[in-house]
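A short write-up of the structure that comes next.
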Amino acid sequence: QVFRTNIATEGWRVLSRGIFPPLVSIAFYQSTLFASYEWSLGFMTSTLGMPRAASETTAGLIAGACAVTAAMPFDSLKVQLQLERGVMAGPVRDAARRAREVVQKRGVFSLYRGISAYLARDVPTNAVYF
């Protein structure tokens with residue numbers, strides 16, 4: 001019922017509304033994760049001559065740290081927008097403009113607030129994953 005009503009009133013575009021920013025964030029995170037893993041693994045095995053098992057675990061640690069550091073501004077901005085959306089009425093139309101406002105008001109490092117929790121969660125996970 002809800003599904004049909006939404007499509008009838010707002011059209012088929014309602015199904016994909018808001019999907020682009022999370023897709024970009026996930027794609028950026030995953031590409032950074034796998035690229036940094038492959039680079040780290042190659043460096044440790046061929047240049048440093050580390051054993052394969054130790055190289056894979058260490059490369060997973062490095063990849064997790066790189067991916068979290070690269071993607072943290074996206075997640076931080078997403079959380080800030082979600083919190084403000086509860087206070088402010090209406091949707092956020094321009095996330096890039098909002099990102100500039102956050103950086104101007106709070107500074108670039110405000111986008112990395114809370115990174116230690118993300119690192120504590122993701123770095124060991126990626127070491128085991130790879």
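If you're wondering where the values come from, they're calculated on a predicted model, not measured in any experiment.
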Problem set entry | Verdict with supporting geometry, Leu61 and Asn126, side-chain contact (heavy atoms from CB on, under 4.5 Å) | CA-CA 6 Å; Leu61 290 168; Asn126 287 310; over 6 Å; no
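- Annotation: side chain to side chain donor-acceptor pair (under 3.5 Å) contacts of Thr58 (sequence neighbours excluded): none.
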Output side-chain donor-acceptor pairs under 3.5 Å for residues 25-37, partner residues at least two apart or in another chain, one line each.
| residue | atom | partner | partner atom | Å |
| --- | --- | --- | --- | --- |
| Tyr29 | OH | Asp122 | OD2 | 3.3 |
| Ser31 | OG | Ala27 | O | 2.9 |
| Ser31 | OG | Phe28 | O | 3.1 |
| Thr32 | OG1 | Phe28 | O | 2.8 |
| Ser36 | OG | Thr32 | O | 2.7 |
| Ser36 | OG | Leu33 | O | 3.1 |

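- Transitive grouping of hydrophobic side chains (ILVMFWY, heavy atoms separated by less than 4.5 Å) brings Met72 and Val123 into a common cluster.
- Pairs engaging residues 105-121 under the side chain to side chain donor-acceptor pair (under 3.5 Å) rule: Gln80-Arg106 [sequence neighbours left out].
- Every residue meeting the side-chain contact (heavy atoms from CB on, under 4.5 Å) condition with Thr5, not counting sequence neighbours, appears here in chain and number order: Gln1, Thr9.
- In the hydrophobic clustering of ILVMFWY residues, with side-chain heavy atoms under 4.5 Å counting as a link, Leu77 and Val108 come out together.
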Residues 42-51, side-chain donor-acceptor partners within the protein, below 3.5 Å, at least two apart:
| residue | atom | partner | partner atom | Å |
| --- | --- | --- | --- | --- |
| Thr45 | OG1 | Leu41 | O | 2.8 |
| Thr45 | OG1 | Gly42 | O | 3.4 |
| Ser46 | OG | Gly42 | O | 2.5 |

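- Looking at residues two or more places apart in sequence or on another chain, you find a side chain to side chain donor-acceptor pair (under 3.5 Å) between Arg52 and Glu56.
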